[in-house]
Number of protein chains: 2
Amino acid sequence: MNNESNPTNQEANRGSKNLGRLILQLRRLERQPHTFGHAGKLTPSEIHTIDAIGYDGAILMSELAARLGVTKGAITQVVDRLEAKSLVIRSPHPHDSRSSIVSLSEDGKEAYRAHEAVHLEFYNQLRSQLSEQEIKIFEKSIEILNNMLSK
Amino acid sequence: MNNESNPTNQEANRGSKNLGRLILQLRRLERQPHTFGHAGKLTPSEIHTIDAIGYDGAILMSELAARLGVTKGAITQVVDRLEAKSLVIRSPHPHDSRSSIVSLSEDGKEAYRAHEAVHLEFYNQLRSQLSEQEIKIFEKSIEILNNMLSK
DNA sequence: TGCCATTAGTTTAGGATCTAAACAATAGGC
DNA sequence: GCCTATTGTTTAGATCCTAAACTAATGGCA
């Protein structure tokens, strides 16, 4: 049986292609540095790390690695860079001298806020083009995708 | 006015966060090589390039660069690698000796098919968890996102 | 108490990916 | 024929990541 002759398969094909195009766009976006606050240009890794630490966060290096899905070595390197830019602070763990706790400096918090604002604005721009009900369905789809990809 | 006290903002915030999580997952996925057909492991760039050439495609290097949103130099490098793996073929342009035309070899076509099948299977898995109508809305959302990002 | 496996984080070498800029060669209008 | 634009390549360097070897501290347990 020819795969393209089935109308349901045709539809799946088109949808799959559109999803592919979206991934390409995100790839392009995720390549270039952007300015957030007056912290200067931040690379994608840097801003993702700031985001993962969180505004009020105090997180271990290893937790950060798990959250971002990279090795501890990768975290050491990006946190080194962020510390050199005075965006994050490494503090000693009170009860375990092997650990260090990472948190945002004031400038880091400003970058966090600015990045969050960009995301929110983007998301609101999407929402403005959908009805109440459509947004709910979109969010449900995103959650399904998240579940599918987390396995 | 506090941004978090508004229920509409709260909802946008949660949705925006979920979208952020999806981007993180895609980032992780887009980092590691995968096997398609018996072409051996292909890096993300390699498979994206094969995808952009297309199954029956004959495309100029510069068109490929435009389609993938990278510089011509980047394309030269990845096509060099794909040619060394015998997955693509460079042919001279009949009327313009500056240009070269890139197309898929038989092994390249096999990798293309295998990759396409993975995408389709993934998309069908998503579709199986949504109603007919929900899929339509999801696809509409993806198209809106594509439009927003292409600017 | 002292041993030792586990855990936290760092270092290093190297691979993948990309860009910017300089470059060579051809094309095509005037 | 000249000159500018275009095609593709080369090269150096930045970013981002991994794997593996390493240091140091923890904590269970004999």
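Since we're looking at a predicted model, the values are computed, not measured.
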Response to the item:
Sorted by position of nearest nucleotide on DNA chain C, 5' first, the leading residue of A:Gly73 and A:Arg27 is A:Gly73
Spacing of [X] atom [atom1] relative to [N] atom [atom2], expressed in whole Å:
X	N	atom1	atom2	result
A:Leu68	D:dT18	CG	C1'	15 Å
B:Lys72	D:dT10	NZ	P	13 Å
A:Glu30	C:dC18	CD	C1'	14 Å
B:Arg31	D:dT18	CZ	C1'	10 Å

Fill in: Donor/acceptor link under 3.5 angstrom from A:Arg98 side chain onto base of D:dT26
no
Discussion item. Taking donor-acceptor contacts at under 3.5 Å, does the side chain of B:Gln77 reach the base of C:dT19?
Written reply: yes
Worksheet item: On DNA chain D, nearest-nucleotide positions of A:Asp96 versus A:Val70: which is more 5'?
Response: A:Val70
Item to complete: Would you kindly compare A:Ile75 and A:His95 by the position of their nearest DNA chain D nucleotide and give the one closer to the 5′ end?
Response: A:Ile75
Worksheet item: Taking the inter-plane angle between the rings of A:His93 and A:His95 on a 0 to 90° scale, is it parallel (under 30°), tilted (30 to 60°) or perpendicular (over 60°)?
Response: perpendicular
Worksheet item: Do B:Arg81 and B:Thr49 have a side chain donor and acceptor closer than 3.5 Å?
Response: no
Practice prompt. Would you tell me whether A:Ser16 and A:Arg21 have side-chain atoms, one donor and one acceptor, within less than 3.5 Å of each other?
Written response: no
Fill in: Check ion pair A:Arg90-A:Asp80 (N to O, under 4.0 angstrom)
yes
Discussion item. At 4.0 Å (heavy atoms only), tell me whether A:Thr71 reaches a base, stays on the sugar-phosphate, or touches nothing.
Written reply: base
Worksheet entry | Minimum-distance nucleotide (side-chain atoms of B:Ser97 versus C:dT26, C:dA8, C:dT17) | C:dT26
